[in-house]
Structures are given as C-alpha cells and as structure tokens.
Amino acid sequence: MRGRAMSSYDHRAIEAKWQERWERQRLAEVDVRVAKSKYYMLMMFPYPSGDRLHVGHGRNYILGDALYRYLRMRGRRALNPMGWDSFGLPAENAAIQRGVHPRDWTLENIRVMKQQFRRWGILYDWSKEITSCQPEYFRWNQWIFLRMLERGLAYRKRAGVNWCPSCRTVLANEQVSEGSCERCGSGVEQRDLEQWFLRITDYAERLLAGLDDLPGWPEKVKLMQRNWIGRSTGAEISFAAPSVGEAVRVFTTRPDTLHGATFLVLAPEHPLVEGLVAGHPRREEIAAWIARVRNTPRILREGEGAPKEGLDLGAQALNPATGEPIPIWIANYVLPDYGTGAIMAVPAHDQRDFEFARAHGLPIRLVYVAPDGPQTAAELTEAIPDRGRIRGCGDFDGLEPGEEAVARFVGWLEANGWGRGQVSYRLRDWLISRQRYWGTPIPVVYCDACGMVPVPDDELPVLLPYDVEFTGREGNPLARHEEFVRATCPRCGAAARRETDTMDTFVDSSWYYLRYLSPRDGQRIFDSEVANRWAPVDQYIGGIEHAILHLLYARFVCRVLHDFGLVGFEEPFPNLFNQGMITRFSERTGRVEKMSKSRGNTVSPDPIIDEMGADTERVYTLFLGPPEAEVEWSDEALAGPHRFLQRLWRLAERIDEAPPTGVVDPELERARHEAIQRVTRDLDRFKFNTAVSALMELINVLSRAVEERSASKLACEQALETLVQLLHPFAPHVTEEIWERRGHSESLLESDWPAWDESRLRRARVTVVVQVDGKLRDRVEVDAEASERDHREVALGSARVREHLAGREVARVVVVPGRLVNVVTRGVAS
RNA sequence: GCCGGAGUGGCGGAACGGGAGACGCAGGGGACUUAAAAUCCUCCGCCUUCGGGCGUGCGGGUUCGAAUCCCGCCUCCGGCACCA
C-alpha cells in the first residue's frame with residue numbers, strides 16, 4: 001500500500017515483526033569452532049537488579065548493538081554474548097525486605113531484563129548465556145579458588161578489615177571509597193577478622209608493566225590503575241635493636257636521608273609491638289591506646305587532618321649510618337599493611353615525621369641543607385623534602401636529592417649489609433570473603449584434626465542450600481544452616497565444619513568472558529583451544545566505574561589462568577571503551593546528575609518505544625553526543641531522530657517518482673560516496689554521533705534530488721539503499737522493513753557494507769577561501785586540479801581582495817590548494 | 001595538596017593548524033489547510049554607519065593563519081590522598 005506523503009510508518013508492527021524474525025532465525029548465534037575473521041566483542045555483563053532498565057542503561061547496550069551490526073555487515077564473525085552477574089547483595093536484601101527468595105527474585109529479574117533488551121532490538125547470542133549464580137557457573141569459581149589455594153595464591157589470615165555495618169559483611173579495599181561502602185554509602189568500620197585473600201600483590205609488577213602494552217585502553221583508566229598499584233622504589237633497611245632482640249626492618253623511598261633518621265615508628269599492629277609492650281611499665285595504658293587505634297575506622301585514622309598520635313615504646317634501635325641509638329615509637333599514622341609496617345622517621349625531610357617530632361619533642365637532624373634555607377634543625381618550620389645538598393655525611397656530602405643520591409646510598413647499604421634496594425606497592429591483597437548468603441561458597445572445611453581442608457574437585461560444586469532463613473540479623477544465614485555447616489573431613493572422615501563465607505562477586509566477573517566460549521561444558525572450566533582462538537576479547541565496552549575494581553581483578557585472574565597454562569595471553573581485554581553516562585536534571589537534588597533510580601531522574605524507554613519506536617530511541621541515544629562523554633538527556637530532542645526516520649520512510653515510498661532515466665546528478669552520487677566514507681570512518685572510531693549527522697546530510701541531499709527530479713530513478717534508488725544499509729546499525733527495524741519491501745530477501749545484517757570510491761568524491765570545481773592577512777575577504781572557484789600559481793592568480797584577481805590590498809605591498813602568498821589562499825602584506829607604508 | 005579531563009550560539013553538539021558553529025533541538029517568518037497537527041520552504045552568534053568590526057572561559061606567546069600548539073590563570077568534573 002502506498003500512503004500519500006503524510007503517512008507515518010507503523011513502528012509497533014514493524015519492530016515486533018523483526019524482533020520475532022531475528023530471534024527465530026537465530027541470527028546472532030556463532031559456532032565458535034570456526035574462528036576465521038572472528039571478532040569477540042563484549043559488554044560488561046549486568047547485575048539483574050529489580051529496577052527496570054532506563055534510557056541511561058540503554059546507551060551502553062544500544063552502542064554495543066550498533067557496533068555488532070556494523071561488524072556483521074563488514075563480514076566479521078562477531079560474537080556478542082550476554083549473561084548475568086547475578087550474585088550479590090540486592091537479591092538478599094529483597095529476601096529480607098519482601099520475603100522472596102534471592103534465587104527466584106534474580107531469575108525473574110533476568111526474564112524481565114531480557115524482554116527489555118529484545119524491545120530495544122538488541123541481538124545477543126543467547127546460546128552462550130551464562131548466569132553466575134547458577135552452580136554450572138560458580139562451581140568453576142570454586143575450582144579456580146582451589147587451584148589458587150594449592151599454589152598459595154589464596155590464603156587465610158587475620159587482619160584488620162573493612163566492615164560495612166549496613167551490608168553486614170567485610171569489603172575489599174577497592175570497594176571502599178572515601179571511607180564508605182561503595183555500594184551503600186555507609187561508613188566503614190574496622191574489624192579484626194580471619195579472612196580469605198587472593199595474592200594479587202604477587203602480580204603487582206606484571207599488572208603495572210602490562211598497562212604499557214595496552215594502547216587500546218583509555219589513558220585515564222591506565223593512570224588510575226597505575227596510581228592504585230602505587231609502585232615506589234626505595235630501600236629496606238635493618239635497624240639493629242639489641243634490646244628488642246631482633247632488628248627492625250623499615251621501608252623507605254629516601255635511603256639518602258638515613259643520617260637524619262632520629263627515631264623509628266611502628267604501626268600499632270606491628271608484630272614486635274606485643275613483646276615490647278609486655279615489658280613496658282605503662283603497658284596497660286599503651287595496650288588501651290593500641291586497641292583504640294585498631295578499632296578506628298580507616299577514614300578517621302588515615303583521612304586528611306587526622307591527628308598524629310603516638311607513644312614511646314621505651315626501646316631503642318641503632319641508626320646504622322650514625323651508630324647512634326634512636327627511640328622506637330608507635331603511631332597511628334604508620335600503616336600495618338604497607339611496606340614493613342614500620343618506618344624510619346626523618347623529620348627534617350618528611351612533613352609527617354616533622355609534625356610528629358615537633359609534637360612529641362623528638363630530635364630533628366638536617367641532612368640536606370640549602371644555602372637559602374634553614375641552616376640548623378631548630379630553624380625549620382616545615383620539612384624540606386627535595387632541596388639543598390647533603391652536609392655532614394662524609395663521602396656523600398654535596399649530593400643533591402634525586403635518583404643518583406638514592407642509588408649511592410642503596411649501594412652503600414648493600415655493601416655494609418644494612419639493607420637493600422626494594423620496591424613497594426600500595427596495592428593490597430584482594431579480600432574475597434563475604435559474610436553473606438548470595439554468593440559462591442568458598443570450598444573448604446575445617447576439621448579439628450586436619451585443620452583447613454580443601455573440598456576435593458569431585459565434590460564440587462559446594463551448593464547453596466535453598467531453605468535458608470533471611471532475617472536481616474547480623475551473621476551469615478549460611479552459618480545458621482546446620483545442614484550446610486555440618487560436613488565430613490575429606491581427609492580423615494571425621495565430622496567437620498564447612499566454611500560459610502562466600503566469595504566477592506568480583507570473582508565471578510573476573511573470568512566470565514572465557515566461560516561464554518564454553519558455556520555448557522560440564523567437564524572443565526572452558527576449552528583452552530577455543531579460548532586461545534577467540535580470546536582475548538577484541539573489544540570490551542563498559543562504564544568507567546570499573547576502572548580499578550573489575551578490570552584490575554580480571555587482569556589479575558587472567559594472568560593466574562595464564563600461569564596455570566589455561567590461556568596463552570595475559571591481557572583479557574586489549575581494547576577497552578568506556579561509554580559516558582547519561583545525565584538528567586533531578587527534581588530531588590536540583591542538579592543535573594547521572595540518571596539513576598535513587599536520584600529520581602530516570603526516563604523509561606517504554607513510552608518512547610510505544611510512541612516513537614525503539615529505532616527512534618536508538619538513533620537519538622547515539623546522536624546525543626560523543627559516546628565517551630557524559631551527555632544530558634532531553635525529551636524534546638527526540639523529535640529530531642524521529643522526524644529523520646519518518647522522512648526516510650516517506651522517501652522510500654515515493655522514490656519511484658524520480659524520473660526513470662536520462663538525468664545525471666553527480667552531486668547525489670558524490671553525496672552517497674561521501675556518506676559511505678564518513679559513516680565507515682566514524683564507526684571505526686566509535687563516532688556514532690557524527691555518523692548519524694552524515695546520514696542526515698545524505699537524506700537531505702536525496703530528498704532534494706527526488707523533490708526536484710534532478711537525478712535518475714536508478715541513482716535515487718541506489719542512494720536510498722546505501723542510506724538504508726548505513727543506517728541499519730542505528731535503526732535496525734525500519735531499515736530491515738524498507739530493505740525487504742525493496743525486494744531483498746536476506747537480512748541487512750547479511751548484506752555487504754557499501755564501499756566508497758575515492759574518484760567519486762572529487763569535484764570538478766572547488767571553492768577556495770581567500771584571506772588578506774588572515775582575514776576572510778572572498779571566496780573564489782578554481783578547477784580541482786588548479787596549480788598553486790592558478791590559485792594565486794585567481795585570488796589576486798578578486799575585486800574584493802584588491803580593495804583590501806589597496807596601498808599595501810604583498811609580502812607573500814600562502815596557498816593551500818583546494819582550500820585557501822592567504823595574501824600577506826607588509827602593511828601600509830606611512 | 002597531587003594527578004587527569006573539560007570549558008564553543010538559547011540548547012545538544014561539529015570542526016587533518018586553514019571558511020568557527022556541520023547535524024539536530026528550540027525559536028522567528030512563510031506555504032499548504034476552513035482550522036489545527038503533520039509536512040514543506042526560509043531565517044537564526046553578537047554589534048553595525050551595511051564598508052565592516054567582534055566572537056570558541058581569561059591573559060600572554062608561537063605561526064602567514066590558533067577552538068586546535070606552548071606558558072600562566074579562572075571555573076567545573078573525575079581519580080588518589082598520612083602508602084613512608
């Protein structure tokens with residue numbers, strides 16, 4: 001049926017039709033046994049929260065789908081799988097608040113989210129779907145854990161850890177932001193608990209060095225990881241301490257200031273402290289102080305402006321450089337889990353030590369002295385970390401602070417056996433224990449006779465019991481489930497107690513991209529052969545919020561799997577793209593902020609899809625702005641893309657109004673080729689927004705050609721088909737429909753992406769800008785092939801240019817062929 | 001405090017060191033219509049004596065030529081923040 005020009009297309013029927021057809025034809029399914037021209041693209045898998053997806057979420061998925069469709073049309077065997085990061089606290093909280101079981105709640109949410117993806121017209125290879133909360137998946141978390149346990153990469157230790165009172169569980173360092181729980185925002189407390197850790201610090205150097213080989217990552221993310229790993233070079237120095245019975249080891253980045261070390265400071269948690277306090281006359285007072293510091297939340301102990309407190313332990317050590325005895329203190333500003341948990345204090349050259357020394361009347365000794373600075377320690381008003389020359393240190397005198405001085409001192413320490421060069425990292429081991437139900441059970445049992453015993457592989461998976469009571473009381477519900485806790489020791493057969501901690505959900509997401517390649521394999525974690533052919537992931541897409549967390553853990557676990565011989569690569573995601581977030585004004589906060597349910601500024605895609613179609617939302621979302629930037633949603637601006645698609649539909653309906661033959665319009669053909677070039681280049685660089693602009697320009701030219709009957713029907717039809725193909729990644733439904741109505745039987749996905757012809761891009765005549773002294777004065781036309789001299793002549797021949805040259809002498813003429821002529825004058829001779 | 005990133009019309013944004021503002025939204029004018037919607041055409045940075053002048057956060061610099069490169073500021077956003 002050929003409606004008159006005003007008709008609008010039935011997006012509801014068309015979108016439903018194509019969604020059904022794509023699904024029925026299983027268009028996105030990939031047989032991974034064939035890896036020729038493979039392209040593994042991946043969106044960070046989502047947490048199936050109960051909240052419906054809003055248009056802000058859509059950005060991520062729509063962008064991925066556009067990329068996927070483009071790759072397919074370019075002839076790549078693109079794999080685009082999807083799954084569910086489905087363990088985690090919200091499910092358990094829903095159980096507590098609403099009485100629905102986490103498992104049922106989660107599976108229902110997954111069902112709803114899948115529907116939403118479908119309505120957006122997004123294609124995933126659902127045959128690869130994985131759900132991390134299912135035993136088929138999490139048994140392999142347990143398997144990885146056991147392998148790490150065997151190699152000492154998983155271990156248990158008692159430590160001061162971050163405890164979120166609201167989530168009722170401990171958190172990893174990475175999951176604490178400004179002293180608060182990253183998930184819920186509650187203030188984090190300090191607790192001393194026995195917990196499971198993964199030895200990511202063993203991989204610190206490799207994780208850091210690997211960043212240099214990731215040109216496909218945003219610099220920002222690499223920088224954040226570098227800072228997080230926090231590599232420092234310096235030295236470990238031993239201070240003999242006869243009265244203590246053993247030497248005190250410290251880490252310092254400034255061994256060149258050793259002569260100025262006037263006291264040592266231990267962290268209150270330092271292993272030597274207990275012995276020293278035991279013999280101290282004021283031991284009770286000190287013990288009470290230590291207990292208080294240890295229970296202080298990190299943010300208060302380490303945060304800005306936290307007061308420096310400390311106590312003299314009454315013991316002494318010998319400064320190896322000077323041979324002088326110096327006192328040993330404990331203080332809250334020395335952290336137990338960095339370096340050796342002890343420092344040498346050099347108050348003259350370190351601001352923290354300076355403040356502490358002044359507050360407690362401890363001696364200060366200058367090592368570096370600047371001619372324009374204080375000449376004695378008494379004159380100091382603040383530490384001078386990096387000025388002056390060494391004075392009064394024998395052979396070292398005259399050295400300036402810097403690498404050379406450090407190297408000289410390290411050599412000297414090593415020669416004397418007092419210490420050695422050392423590298424230290426800010427990164428801490430990954431705490432994976434969680435005191436919650438809805439996670440992967442850690443597969444070990446505790447036997448009175450044998451101690452901690454790993455669950456044997458053939459007893460995996462350790463399943464989560466379903467019949468658990470969710471009360472919201474503190475303590476893991478698993479620990480109250482007698483049947484779960486009761487176990488048999490795999491080693492001696494005696495009664496044993498099962499571990500009730502579950503794993504951090506970041507374990508699930510640290511290797512899931514490999515499981516997509518062997519999602520149903522019941523025998524092994526994944527097929528290494530397939531993994532090595534398809535992975536690493538060619539393009540990874542997700543939000544910047546995982547710059548450290550997920551992306552660091554995944555890089556770590558990839559290296560572990562590499563060392564296990566399971567994969568041949570060390571970087572899981574050589575190319576990373578962070579899409580920006582969508583923001584909108586929030587009535588609640590009065591500001592433009594990230595779209596989120598809690599801020600009450602979300603926009604539901606449902607009414608948009610109902611009224612204007614998913615294609616409109618898709619085009620708009622991609623047109624909104626550069627995909628890596630934060631962009632503000634506007635309900636009004638949706639009209640533009642909607643009109644664009646309507647125009648396309650009407651244009652397709654009246655394309656045969658163009659005159660049958662005879663008319664030649666090189667402009668239309670040129671515009672067509674230019675659009676192909678621009679869209680292709682833009683998509684290769686993820687510039688979806690400018691690609692849409694290029695398509696809008698093409699439709700403008702084509703509409704005019706049809707309207708003015710200035711091009712042949714054949715040329716118009718060709719331009720239309722090109723437009724439909726180029727637009728398909730953005731608006732898949734309407735383009736498929738037009739394509740089919742034009743007599744094509746295969747899906748656009750299987751059509752070949754158009755190619756442009758450079759020779760068609762050229763124009764016979766070009767407009768050249770003429771400037772006088774850099775100011776635009778005229779535009780002239782020249783042959784595309786015109787020489788520099790031709791440009792010059794035409795430019796100088798322009799009447800307007802001559803007017804501006806009156807009374808001036810031409811000094812030089814700059815010619816940029818085909819673009820610009822700049823006539824430079826010497827100015828008026830006066 | 002340290003380290004990044006960003007500031008362009010009323011708005012979203014575009015611009016290999018070479019025409020500032022592509023494309024779109026909003027707005028003005030017109031056509032069609034009994035009317036409205038839709039659609040189509042057209043205008044749309046500021047000032048102007050209509051020659052032109054001024055314009056990409058501010059001030060300098062490099063260059064024939066700077067939104068783009070360099071230096072110094074301002075503002076906003078992000079990361080880290082007693083890590084010895």
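Letters A, B, ... are given to chains in the order of the sequence lines, protein chains preceding strands, and every chain is numbered from 1. Please read these numbers as outputs of a predicted model, since none were measured by experiment.
- In this structure, C64(B) forms a base pair with G18(B), meeting either the Watson-Crick or the G-U wobble geometry with both donor-acceptor distances under 3.5 Å.
- For the pair Lys308(A) and Tyr333(A), the cation-pi criterion (under 6.0 Å, within 45° of the ring axis) is fulfilled.
- Considering only side-chain atoms of Asn689(A), the nucleotide from G19(B), A84(B), A14(B) that sits closest is A14(B).
- Here Arg812(A) does not reach the OP1 or OP2 of G65(B): none of its side-chain N or O atoms lies under 4.0 Å away.
- Salt bridge status for Glu653(A) with Arg650(A): absent, with no side-chain N to carboxylate O gap under 4.0 Å.
- Proximity of Asn227(A) to the phosphate of A81(B): no side-chain N or O atom is located under 4.0 Å from OP1 or OP2.
- To the nearest angstrom, C1' of G18(B) lies 12 Å from NE2 of His791(A).
- Considering only side-chain N and O atoms, Asn332(A) lies nowhere under 4.0 angstrom from the phosphate OP1 or OP2 of C82(B).
- Note: CD (Gln351(A)) to C1' (G1(B)) measures 12 Å, nearest angstrom.
- Note on Ser693(A): every side-chain N or O is 4.0 Å or more away from OP1 and OP2 of G13(B).
- Across all strands, Arg678(A) comes closer than 4.0 Å to no nucleic acid atom at all (heavy-atom distances).
- Lys775(A) has its NZ atom 18 Å from the P atom of G51(B), to the nearest Å.
- Remark: G9(B) base-pairs with no nucleotide in the shown strands. Criterion, Watson-Crick or G-U wobble with two distances under 3.5 Å.
- Which of C80(B), G19(B), G78(B) sits closest to the side chain of Lys220(A) comes down to G78(B).
- The aromatic rings of His11(A) and Tyr9(A) lie perpendicular to each other, with more than 60° between the two planes, well past the 30° mark.
- Under 3.5 Å, the side chain of Asn822(A) and the base of C64(B) form at least one donor-acceptor pair of N or O atoms.
- Arg647(A) has its CZ atom 14 Å from the C1' atom of A38(B), to the nearest Å.
- The partner of C40(B) is G30(B), judged by Watson-Crick or G-U wobble contacts that both fall below 3.5 Å.
- Across all strands shown, C80(B) is found opposite G1(B) as a Watson-Crick or G-U wobble partner, with both distances under 3.5 Å.
- Nearest nucleotide to the side chain of Arg819(A), out of C82(B), C16(B), C25(B): C16(B).
- A salt bridge links Asp256(A) with Arg254(A): at least one charged nitrogen is closer than 4.0 Å to a carboxylate oxygen.
- The partner of C46(B) is G53(B), by the rule that a Watson-Crick or G-U pair needs both atom distances under 3.5 Å.
- Rounded to a whole angstrom, the distance from the C1' atom of A20(B) to that of A67(B) is 8 Å.
- Of the side-chain N and O atoms in Arg777(A), none sit less than 4.0 angstrom from OP1 or OP2 of G65(B).
- Phosphate contact (OP1/OP2 of C25(B), side-chain N/O of Arg643(A), threshold under 4.0 Å): present.
- Going from atom CD of Glu708(A) over to atom P of C41(B) covers 9 Å, rounded to whole Å.
- Rounded to an integer number of Å, the gap from CG of Leu624(A) to P of G12(B) is 11 Å.
- Note: CZ (Arg650(A)) to C1' (U39(B)) measures 6 Å, nearest angstrom.
- Rounded to an integer number of Å, the gap from OH of Tyr338(A) to C1' of C80(B) is 14 Å.
- Using a 4.0 Å heavy-atom criterion, one finds that Ser424(A) contacts no nucleic acid atom at all.
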